[in-house]
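Only this structure's heavy atoms are used, side chains among them; waters, hydrogens and symmetry mates stay out. In each ligand, atom 1 is the first atom listed, and ligand 1 is the first ligand listed.
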Amino acid sequence: MRESWRDELRQAIRDPAQLIAALDLPAELGEPARRASHNFPLFAPRPYITRMRRGDPSDPLLRQVLPVESELLTPQGFTSDPVGDESAALSPGLLQKYSSRALLITTGACAVHCRYCFRRHFPYSESPRSPDDWQLAIDRIAADPSIDEAILSGGDPLTLVDDHLAELARRLAAVPHLRRLRVHTRLPIMIPQRVTSELVDWLCGTRLTPIMVVHANHANEIDTSTANALARLVDAGIPVLNQSVLLAGVNDTAEALIDLSRRLVDLRVMPYYLHQLDRVQGAAHFEVPISLGLELIDKMRRALPGYAVPRYVQEVAGASHKHVLA
Ligand code: SF4
């Protein structure tokens, strides 16, 4: 039986004009969106689109996916590889930036194209494409006993089918010094049907401790079906953390960030990181000054219990750890 989440991926909207019509938006947004999507196409799944406000060009969810003219600007300091992925490559599809952890680029596919994505220019064609291709990366991990955590990333690893992921998890569990398996994914937020019993089975089915890091930037991204999907993961005993990116026009107010943190902790998902925007070409219009980010974190601290305030961090290419801003 074909899983419904795969149908949702197939039926995702790829044409700006179609998205604009579906949300009753002004038709004149279409032409700039078409031009700006040339190198990084629009891709938005329907379950996510249903959470957007109709007729509102400044909807915080829409802003994350609709290409805009500003993406074509080339301001100084914005590059194609802002976080130093290229120099962190150990082998095709395997990155190591920090000690004890290695990150597998399992696929280039995502369930959504976030316009601010720091990997929007990543050369995914050079990464492994099938379970056999992963072996080189697994061999590199096996050769380095200092690595105790494997991170499945991408793209989004959960765009792959569970059979393949279960096989990958089994092969990683066979590496004696690995202790944890972390998954970085936006799929439980974008397409909640992706949280299948097969997914929970392989995540919990090896000797490795599973950890899932999801990615929501605004409370409106979490509707009832998303909440149920997150509950299913937490109920299975999987620690679930959330990372967000501080984005102009999306979540750059204390109210938006506090609402998101409250929604997450009510669902037993811990706010983990609030990232300062990585300065990737095409995303300058999303940048929020660090001074404002610090003010926002201060307001969050005054309103929320300490566990509900994420760490405000900035990734610095080549650094041994993320720089904690607050
Ligand atoms: S889901 Fe993650 S990797 Fe994919 S486009 Fe969004 S931010 Fe980038």
Check whether the side chains of [X] and [Y] place a donor and an acceptor atom closer than 3.5 Å, and report yes or no.
X	Y	result
Thr196	Asp162	yes
His121	Arg119	no
Ser58	Asp56	yes

Item to check | Co-membership, hydrophobic cluster, residues Leu104 and Ile147, 4.5 Å side-chain | outcome: yes

Checklist entry - How many N, O or S atoms of the protein are nearer than 2.8 Å to atom 8 (Fe) of ligand 1? => result 1

Checklist outcome for this item: Per side chain to side chain donor-acceptor pair (under 3.5 Å), Glu71 is matched among His38, Gln281, Arg120 by Arg120

Checklist entry - Using the ring of each side chain (for Trp, its six-membered ring), is Trp134 parallel, tilted or perpendicular to His164, with breaks at 30° and 60°? => result perpendicular

